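Below is one structure, written out as C-alpha cells; comments come after it.
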There are 2 protein chains.
Amino acid sequence: MNQPITAADKTFIALRDDIVEGRIEAGSKLSETELSTKFAVSRAVIREAINRLESCHIVERKANVGARVVALSPQGLIELYQVRESLEGMAARLAATNMTDEEIADLSALLQSHFDEVKGGESYYQEAGDVDFHYRIILGSKNKHLISMLFDGIYHLVRMYRVQLGMAGPRVTTAYDEHKHIVQAILNRDAELAEMLMRRHILYSKNSIEHKLS
Amino acid sequence: MNQPITAADKTFIALRDDIVEGRIEAGSKLSETELSTKFAVSRAVIREAINRLESCHIVERKANVGARVVALSPQGLIELYQVRESLEGMAARLAATNMTDEEIADLSALLQSHFDEVKGGESYYQEAGDVDFHYRIILGSKNKHLISMLFDGIYHLVRMYRVQLGMAGPRVTTAYDEHKHIVQAILNRDAELAEMLMRRHILYSKNSIEHKLS
DNA sequence: ACTTGCTATATTGTCGACAACTTGGTGTTA
DNA sequence: TAACACCAAGTTGTCGACAATATAGCAAGT
C-alpha cells in the first residue's frame, strides 16, 4: 500500500487527504455518485475507498443512507489521545526490548539532528520531525497490530485534528527533552520507564492542546 | 450492525464466523468466485465482506493476488495479548471514572452470579461469563475508539485463537479473584489501580495460555 | 393548522460482464 | 541443463445498469 496500485488505492488516499486537510469539511455527507464523477472512477471504486475510510474511523456509514465525514469535537480529541497514550506507551515498552542496537543508534542520530535544528534557532522542530520520532518507536515495537492501528487508523485522525483545529504542530520547547529521556530509557533497555515516559509525553501533549482550545 | 441489514452485512458475519470457528482453515486462500457461489451472492458482496475482514485483521490481502486467512502463530498470539493488555488496561482506567454507579452495581451483580456458579461446583465460569465481564468494562470506558477496536477487531481474533488452538476457556480458579479485585478498584474509583490490575489479569492469562501451548 | 399517507426522486445496494493483472507452464536458445 | 521469453488460464479489479431503500414534498382528511 506504500505504493498505491489499484484505482481504489489511489482514490482512497486522495479522498483521505482531502478530508484530513479539510478540503472536504468535517461532518459533510459523501455522495457516491458525486465523488465518482469528481475522481473519474466508477462507484465501485468509490465505495471501496469509503469502506476503507470507515475502518480508519474517518467516516461513518449508515446502511441505505450513506457516509458522513466524522465530526470533530473536543471530546473526540480527548478519546483519541487516550488511545494514543495507551498504544504508544505499549509501543515504547516493546521498543525498549525489541529494537536492535542499530535502530536505537539511528533514533539517537535523529534526535541529535533535531537538537541541532532547535539550537540553530530555526526552531524548526515541527510536525514532520515529531511524527518521524514517534514512527520509529512504533515500528520498533515490532508488533503488527500496534503498527497498523496507529499508522492506518489513529495517526490520520490526529493529523486531521491538528490541521483543522489549527494547532501549530507539537510543543517545540519541552518536547525535545521528553524525547531525549525516552530514547535514553530505550537505550538502557528499561521497558517500564520507556512506557511511563511515553505516556507522560502524550499526556502533556494532550494537555497542551486542550489548553490551546480553551 | 447489531442487526445485519444488507447482504454484505450477513455475508461478512457468516464468513467471519466460518473463519473464527475454523470451518475455513487458517492460512487458506479465499477465492471470490468460489465464495460467491457458496453464499449465493454476487462477487461485489463478497469483496465488501472480505474488505471488512481485512480491517479486522482476520484476512490479509494483496493487490491483484487475493486474500488469505491469517496464519495463527504463538508470536501472533503474544502480540495480540500485548495490545489487549494495553487497551483493556486503559479501558479499566477510564471505566473507573466514567462508569455510572448503576453500571458498577450491575457489574458487581454479574460477578456475584459468577461466584455462585463457581461455588455451586459447576465451575461453569466459562468463556461467555469472562467475555461478558470484559465487555462491560470496555463499554464502561465510554471511549468509542477503544470499544470498536476491541469489539470489532481484537476480540474475534482472540476467539479464533481460543477455538483453533483448543484452549478450554479462561482460567477458572484464579480469574475470579482477579475480576473481584478489579471491580473493587472501580468501585473505589481508583483508576490507577484498576488499570494495573487489569493489565496483570491479562498478562496472567497470556502466561497461562503460553504455558498450555508449550 | 397539523397530521397522515402516498408518490416521486434521489441515493445506496447488488448484479453480471468485461478489462487488467498474476501465475504456472511451454518452448526456445545459449 | 539453465535461463529467458512468451503464452494461456484463472483470478482480481473496474465498470455501467438495475433493484431496493430512504427522504422530501404534496395531497387529503380531521
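Predicted model, so just to flag it, every value in this text is computed and none were measured. Reminder, nothing fancy here: chain letters follow the sequence lines and each chain counts from 1.
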Ala26(B) versus Gln164(B), closest heavy-atom pair with distance: CB-OE1, 4.1 Å
Heavy-atom closest pair, residues Val59(B) and Ile50(B): CG2-O, 3.8 Å
Of residues 60-70 of chain B, the positions that come close to DNA chain D - non-hydrogen atoms, cut-off under 4.0 Å: Arg61(B), Ala63(B), Asn64(B), Val65(B), Gly66(B)
Sorted by number, the residues of residues 40-51 of chain A with heavy-atom contact under 4.0 Å to DNA chain D: Val41(A), Ser42(A), Arg43(A), Ala44(A), Val45(A)
Would you list the atom pairs, donor with acceptor, under 3.5 Å between side chains in residues 62-73 of chain A and any protein atom, with sequence neighbours excluded?
from     : atom 1 : to       : atom 2 : distance (Å)
Arg68(A) : NE     : Gly27(A) : O      : 3.2
Arg68(A) : NH2    : Gly27(A) : O      : 3.2
Ser73(A) : OG     : Gly76(A) : N      : 2.9

Cation-pi, Tyr204(B) ring and Arg200(B) (6.0 angstrom, 45 degrees): no
Range on DNA chain C touched by chain A - first to last nucleotide, heavy-atom distance under 4.0 Å: dT11(C) to dT14(C)
Side chain to side chain contact (heavy atoms under 4.5 Å, CB included) between Arg47(A) and Glu48(B), intermediate numbers included: CA-CA 9 Å; Arg47(A) 280 176 68 80; Glu48(B) 177 162 346; 3.5 Å; yes
Glu25(A), CD: over 12 other non-hydrogen atoms inside 6.0 angstrom: no
Lys144(A) NZ: over 12 foreign heavy atoms closer than 6.0 Å: no
Donor-acceptor contact below 3.5 Å, side chain Glu88(A) vs main chain Ile202(A): no
Between dT11(D) (C1') and Leu30(B) (CG): distance, integer Å: 13 Å
Set of residues satisfying ring-ring contact (aromatic ring centres under 6.0 Å, His included) with respect to Tyr135(B), sequence neighbours excluded: Phe151(B), Tyr155(B)
Results of ring-ring contact (aromatic ring centres under 6.0 Å, His included) for His156(B) - residues two or more places apart only: none
Of Ile5(A) and Ser31(A), the one whose closest DNA chain C nucleotide lies more 5': Ser31(A)
